[in-house]
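Worksheet: the structure to be examined is printed underneath.
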Amino acid sequence: MLDLKLIERDFESAKSKLAKKGVNEALLNELKERFAALKDAKRAFEEKRAQQKSLSKEFGAYKAQGKDISELKEQLDALKSEISTLESSVQEIESGLQELAFAIPNFPDDSVPEGLSEDDNLELKKVLEPKEFSFTPKEHWELAELNGWIDFERGVKLAKSRFALLKSDAAKLERALINFFLDFNAKSGFAEVCPPVLNNSSMLLGTGQLPKFGDDLFKIEGEDLYLIPTAEVPLTNIYNNEILQESELPQLLTAYTPCFRKEAGSAGRDTRGIIRQHQFDKVEMVAIAHPDRSDKIFEMMVQNASDILSALGLPHRLVDLCGGDLGFSAARTIDLEVWLPGQNKYREISSVSNMRDFQARRAKIRFKDGKKNSLVHTLNGSALAVGRTLIAIMENYQNEDGTIDIPEVLKPYMNRNI
RNA sequence: GGACAGUUGGGUGAGUUGGCUGAAACCACACCCCUGCUAAGGGUGCGUACUCUAACGGGUACCGAGGGUUCGAAUCCCUCACUGUCCGCCA
């Protein structure tokens, strides 16, 4: 959620910032109007309420002294109905305003490139050269079939479409990658945690998945619980509604969790293979940071994800997302795209974002900033998406006969020397 | 899942015959004084959010959440959530 006072104070700049993200300015105008209306309504209510309180005190005193209270009672009865009208009007305006405010995305940073779609994203740099194959490299699902690594049919049987069953070395690689990522992140200073993968609605509101994107979430029937779409949700919300000491910042956290997404809008895209699944494994980094330090930490997180890919020998590039492609809660995002020789293109494997104080305001995550409490900055990024790393390894490490080599750094994790 | 008990400020914990309690006391924390050495004693301050004021200082909301009774509710009633204990079940 954005700072409504800031929008009120500097309306024009707020408008232009959000225009970069494609937000309709009528929405902002309405927000401003409702905010002003709320203030007026509140003031009226508080005035009457103060009156009621002091008269009620008098009422008590009169009664104790045995004085006549009928006149006072009359006044108070009138006040009472007046107040309840004012109060419900405040509530109505407030909930409408809240709903509106929750639906407005974060401001993009000034450095974010202009643009409406992923075509306008800015490539920052390439790391490692894609290797030349002496044969036509296969796509991962072909390799999966050849090696008996992925059973697509039975995955569907067990659940539904877009679920898969990993077998053999693929299952082992999946586990090896998780361990490798967690160890790598630990060396970079991230503390490992293992959070619940079901979170309640208030946490999903805190990180911005709700109320706008509920359709993308799997919900538990009859409970206020959702399967998390990313470990960003539990990790960021660990300090939901808390006030940290400044000395406790930054909190650098990492976790492996499965992630669950309905992705209702993505039907027809990437239907073959395991690029886009309803359930996938991911190792996530989250930082709870002092506002002055979040840019530095952002760079560190991007570097960390890139270093992991380099350690695996996977060619990749860094892409600065343009305003239109930026996620709802993000002020700045750099995507890491890994080279897939089978598809002959770069595909997203990690996304590192600085949310600034957007999530912190929603989730009420603050720190003692001298005498007062200030909002922290929150950041998150994948390090890395496990399934997509598996795909990248399959495609980049394939041999002409369809066999797949294991990257050196993973061999210790596979209990294998060659 | 069943029974009982509870949910108050950073922590412990009073307050539950409705008004004088947004909230005692203690601890923690901050500053000051005393003292002079790793003991202690004394004083002051110390919840969050919004809002009015040039400022001093006011006002409103919040005692798990939501609703109700009442002139007035942390205190009474209802619903829900959570925590604890015992029982049941279980990796």
Side-chain angles (χ1 to χ4, degrees), chain A residues 1-9 31-32 34-102 194-206 210-211 219-226 234 237-249 251 258 288 357-376:
Chain A
M1 191 164 57
L2 293 165
D3 185 353
L4 293 179
K5 277 191 275 189
L6 199 96
I7 293 178
E8 188 188 39
R9 197 172 336 116
L31 189 81
K32 191 186 177 188
R34 290 204 201 179
F35 190 51
L38 178 67
K39 272 191 167 176
D40 290 343
K42 259 192 170 165
R43 193 167 308 148
F45 164 76
E46 284 175 7
E47 219 168 85
K48 291 290 173 194
R49 184 81 173 119
Q51 212 176 326
Q52 182 193 41
K53 279 177 110 170
S54 73
L55 282 181
S56 279
K57 266 185 192 159
E58 241 173 85
F59 184 98
Y62 272 41
K63 224 175 155 181
Q65 295 164 24
K67 289 196 197 167
D68 178 34
I69 51 173
S70 57
E71 196 181 324
L72 256 185
K73 170 111 167 83
E74 228 167 88
Q75 273 185 60
L76 279 162
D77 282 340
L79 255 183
K80 190 183 181 180
S81 72
E82 214 174 329
I83 286 170
S84 87
T85 309
L86 288 170
E87 189 172 21
S88 59
S89 123
V90 166
Q91 276 174 1
E92 195 180 317
I93 296 170
E94 200 158 36
S95 69
L97 180 69
Q98 187 82 309
E99 197 180 318
L100 202 64
F102 272 139
C194 183
V197 299
L198 292 173
N199 281 195
N200 63 45
S201 57
S202 154
M203 301 304 117
L204 285 141
L205 198 70
L210 288 178
K219 187 178 191 314
I220 304 296
E221 195 181 346
E223 304 260 3
D224 180 32
L225 288 172
Y226 296 80
N237 281 299
I238 286 175
Y239 298 107
N240 185 299
N241 199 25
E242 293 193 28
I243 301 171
L244 293 158
Q245 295 304 316
E246 190 172 347
S247 60
E248 293 176 282
L249 300 177
Q251 289 283 323
I288 310 290
D357 63 11
F358 187 81
Q359 292 179 326
R361 184 171 296 104
R362 290 174 160 237
K364 297 189 177 65
I365 309 171
R366 294 148 294 169
F367 72 100
K368 277 274 171 228
D369 188 6
K371 200 102 173 96
K372 64 182 202 300
N373 299 324
S374 299
L375 295 167
V376 299

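Each chain gets a letter, A, B and so on, in the order its sequence line appears, and its residues count up from 1.
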Counter-base of [N], judged by Watson-Crick or G-U geometry with both distances under 3.5 Å:
N     : value
B:C34 : none
B:A25 : B:U12
B:C86 : B:G2
B:C20 : none
B:U60 : B:A49
B:U7  : B:A81
B:A91 : none

Could you measure between the two [atom1] atoms, the one in [N] and the one in [M], and give it in whole Å?
N     : M     : atom1 : value
B:C20 : B:U75 : C1'   : 15 Å
B:G64 : B:U8  : P     : 6 Å
B:C46 : B:A28 : C1'   : 11 Å
B:U51 : B:G41 : P     : 43 Å
B:C63 : B:G22 : P     : 12 Å
B:U21 : B:C31 : P     : 31 Å
B:A30 : B:C82 : P     : 38 Å
B:G6  : B:C76 : P     : 11 Å

Ignoring backbone atoms, establish whether [X] has a side-chain N or O less than 4.0 Å from OP1 or OP2 of [N].
X       : N     : value
A:Gln75 : B:C71 : no
A:Lys80 : B:G72 : yes
A:Lys53 : B:C20 : no
A:Lys73 : B:C71 : yes
A:Arg49 : B:A61 : yes
A:Lys5  : B:U51 : yes

### Query
Which residue lies toward the 5' end of RNA chain B, A:Gln52 or A:Lys57, if each is placed at its nearest nucleotide?
A:Lys57
Which whole-number value in Å describes the distance from [X] [atom1] to [N] [atom2]?
X        : N     : atom1 : atom2 : value
A:Ile243 : B:G9  : CD1   : C1'   : 11 Å
A:Glu71  : B:C71 : CD    : C1'   : 14 Å
A:Gln51  : B:G58 : CD    : P     : 20 Å
A:Glu223 : B:C80 : CD    : P     : 14 Å
A:Glu94  : B:A61 : CD    : P     : 13 Å
A:Leu38  : B:A61 : CG    : C1'   : 13 Å
A:Arg366 : B:C50 : CZ    : C1'   : 14 Å

### Task
First locate atom CD of A:Gln98, then atom CG of A:Leu205, and finally report the distance between them rounded to the nearest 0.5 Å.
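Result: 7.5 Å between the selected atoms.
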Kindly indicate whether the side chain of [X], heavy atoms from C-beta on, has any atom under 4.5 Å from the side chain of [Y].
X        : Y        : result
A:Lys39  : A:Glu8   : yes
A:Leu4   : A:Leu97  : yes
A:Tyr226 : A:Leu210 : yes

### Query
Between the side chains of A:Gln52 and A:Arg49, does any donor sit under 3.5 Å from an acceptor?
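Indeed, the side chains of A:Gln52 and A:Arg49 share at least one donor-acceptor pair under 3.5 Å.
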### Message
Classify A:Asp224 by what it touches in the nucleic acid, base, sugar-phosphate, or nothing, heavy-atom distance under 4.0 Å.
### Response
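Contact class for A:Asp224: none.
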### Message
Using a heavy-atom cut-off of 4.0 Å across all strands, would you classify A:Glu47 as base, sugar-phosphate, or nothing?
### Response
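Nothing, no heavy atom under 4.0 Å.
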